[in-house]
Amino acid sequence: MKALGSSIYQRLVIIVPYAWLLIFFLAPFLIVFRISLSTKALSVPPYDPSFAWADSFSDWWDKLQTMSFDNYVWLTGDPLYMNAYLQSLQIAGISTLLTLIIAYPIAYGMAQAPRTIRPTLLMLVILPFWTSFLIRVYSWMSILSTTGLLNQLLTALGIIHEPLVILNTNTAVYIGMVYSYLPFMVLPLYSALEKMDGTLIEAAQDLGCTPIGAFWRVTFPLSLPGVIAGCMLVFIPAVGEFVIPDLLGGSETLMIGKVLWTEFYSNTDWPLASAVATILLLVLVVPIVFFQHFQAKADEKGR
């Protein structure tokens with residue numbers, strides 16, 4: 001009976017996450033993909049579905065043979081969408097790199113701090129989550145505007161004589177991205193660095209490594225799982241970000257999140273917007289698969 005109970009428990013542990021993914025990821029994706037194959041219509045909802053759930057199997061087969069990918073063809077023919085994808089990847093990539101550069105020293109300092117104050121430092125990192133994300137982004141609008149706190153401070157210190165134009169530029173978007181997603185980079189880095197054996201650094205230095213050499217030969221390679229996990233946690237949501245580029249970016253800041261919003265709510269073209277979302281999801285699957293491949297290799301080496 002104990003073996004049977006243990007077997008059932010192990011299967012439930014595996015089934016629950018798969019059921020979660022099926023209900024909250026695969027099913028919504030299939031709904032969006034179904035809408036992307038539909039045509040725009042003046043109705044509620046504003047599209048003419050290509051498939052109906054009540055159709056018989058023969059009806060589904062007939063419609064599959066006449067399936068239309070016109071919305072996807074339209075995306076490939078309009079440079080607006082390709083530019084939005086490319087600029088989203090560029091902004092997300094640069095934001096992820098900047099976040100990593102800033103977060104690594106913070107996480108390293110937290111891992112090297114005395115154990116008594118580590119919980120306090122960890123709380124300070126997650127403290128911004130206690131405030132609404134939207135309010136935090138709005139606060140940056142008042143900080144970065146020409147009459148904002150930053151320009152007032154720089155003018156009072158005599159560093160500048162004319163206000164800097166930061167708001168409604170890509171620079172403001174990078175600042176908002178780095179600030180908003182910094183905890184997502186710090187936490188996995190801290191988790192990886194905190195578990196590292198400090199005697200390995202001492203052994204490397206005893207063998208003639210300089211402190212910088214010991215960092216690049218020992219510390220950084222051991223923290224790579226945290227680096228990759230943090231980069232994935234920042235890059236993936238940054239690609240589809242809408243609030244930050246909409247509030248802090250200018251008219252030249254074209255990201256796919258703003259395009260999705262425009263197609264859904266301004267143009268009410270749900271099929272085209274669903275096609276944009278489907279392609280975006282497929283683009284994001286690539287780094288996820290890469291991360292899983294790297295993680296599997298790391299687990300094999302650990303064994």
Side-chain angles (χ1 to χ4, degrees), residues 79-110 120-187 189 230-231 233-267 276 280:
L80 170 69
Y81 302 99
M82 184 58 65
N83 292 335
Y85 281 117
L86 294 178
Q87 191 165 356
S88 297
L89 293 173
Q90 176 187 347
I91 292 177
I94 295 175
S95 299
T96 302
L97 179 61
L98 294 175
T99 306
L100 175 61
I101 294 172
I102 296 173
Y104 203 102
I106 297 174
Y108 186 82
M110 291 171 58
T120 303
L121 297 175
L122 194 61
M123 184 193 68
L124 293 175
V125 171
I126 64 176
L127 191 62
F129 290 124
W130 296 6
T131 307
S132 170
F133 173 75
L134 190 59
I135 293 176
R136 286 184 281 132
V137 176
Y138 265 117
S139 67
W140 276 106
M141 295 178 66
S142 62
I143 294 173
L144 300 177
S145 65
T146 53
T147 58
L149 297 176
L150 179 61
N151 277 304
Q152 291 180 12
L153 177 62
L154 295 178
T155 303
L157 295 175
I159 299 176
I160 61 173
H161 301 288
E162 295 181 359
L164 298 175
V165 180
I166 303 176
L167 191 62
N168 297 327
T169 64
N170 283 351
T171 302
V173 175
Y174 290 132
I175 293 173
M177 289 279 196
V178 172
Y179 166 76
S180 300
Y181 292 111
L182 187 64
F184 293 102
M185 184 70 76
V186 172
L187 294 178
L189 284 174
C231 289
L233 289 174
V234 173
F235 179 80
I236 291 174
V239 172
E241 181 60 52
F242 164 72
V243 175
I244 295 175
D246 187 59
L247 297 180
L248 301 181
S251 58
E252 296 182 358
T253 305
L254 182 65
M255 294 190 68
I256 203 63
K258 294 177 67 174
V259 174
L260 271 172
W261 175 272
T262 302
E263 295 296 343
F264 263 116
Y265 294 99
S266 298
N267 300 339
V276 173
L280 176 61

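Because only heavy atoms are used, hydrogens play no part in the values below, and waters and symmetry mates are left out as well, while side chains stay in. All residue numbers refer to positions in the sequence shown, counting from 1.
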request  = Mind checking side chain to side chain donor-acceptor pair (under 3.5 Å) for Y81 and listing every partner two or more places apart, or none if nothing turns up?
outcome  = E263
request  = Would you mind reporting whether I143 and I175 have side-chain heavy atoms less than 4.5 Å apart?
outcome  = no
key: Atom pair CE (M110) and CG (L187), whose distance is rounded to the nearest 0.5 Å   = 7.0 Å
task = Applying side-chain contact (heavy atoms from CB on, under 4.5 Å) between I106 and each of L121, L182, L189, report the one that passes.
result = L182
Hey, can you pull the donor-acceptor pairs under 3.5 Å for the side chains in residues 89-103, sequence neighbours left out?
from: S95; atom 1: OG; to: I91; atom 2: O; distance (Å): 2.7
from: T96; atom 1: OG1; to: A92; atom 2: O; distance (Å): 2.7
from: T99; atom 1: OG1; to: S95; atom 2: O; distance (Å): 2.6

note = Residues passing the side-chain contact (heavy atoms from CB on, under 4.5 Å) test with Y265, sequence neighbours excluded, are W261
request  = Given ring pair (Phe, Tyr, Trp, His ring centres under 6.0 Å), test F129 with F184 step by step and report yes or no.
outcome  = CA-CA 11 Å; F129 290 124; F184 293 102; 5.3 Å; yes
message = Y104: which residues meet the ring-ring contact (aromatic ring centres under 6.0 Å, His included) condition with it, sequence neighbours left out?
response = F215, F220
note = Contacts of N151 meeting side-chain contact (heavy atoms from CB on, under 4.5 Å) (sequence neighbours excluded), chain-then-number -> I160, P163, L164
inquiry  = Taking side-chain contact (heavy atoms from CB on, under 4.5 Å) as the definition, give me every residue that meets it alongside T147, ordered by chain and number, with sequence neighbours left out.
reply    = S145
ask   = Judged by atom type as modelled, is there a donor-acceptor pair below 3.5 Å linking the side chain of D246 to the main-chain atoms of F242?
value = no
ask   = Of the non-hydrogen atoms in P128 and R136, which two are nearest, and what is the gap between them?
value = O-NE, 3.1 Å
message = I need the full list of side chain to side chain donor-acceptor pair (under 3.5 Å) pairs touching residues 123-132, with sequence neighbours left out, sorted by first then second residue.
response = none
task = Not counting sequence neighbours, which residues clear side chain to side chain donor-acceptor pair (under 3.5 Å) with Y108? List them please.
result = none
task = Quick one: which residue pairs count as a side chain to side chain donor-acceptor pair (under 3.5 Å) with a foot in residues 170-182, not counting sequence neighbours?
result = N170-T253, Y181-E241
note = To the nearest 0.5 Å, atom CG of L127 lies from atom OG1 of T120 at 11.5 Å
query = So, the side chain of T169 versus the backbone of I166: is there a donor-acceptor pair under 3.5 Å, distance only?
reply = yes
inquiry  = As an exercise, state the distance from CE of M255 to CE of M177, rounded to the nearest 0.5 Å.
reply    = 4.0 Å
query = If you take all heavy atoms of L254 and L80, which pair is closest and at what distance?
reply = CD2-CD1, 3.5 Å
Contact summary for V234 and M185, nearest pair of heavy atoms = CG2-CE, 3.9 Å
request  = Mind checking side-chain contact (heavy atoms from CB on, under 4.5 Å) for M141 and listing every partner two or more places apart, or none if nothing turns up?
outcome  = Y138, L167, L247, L248
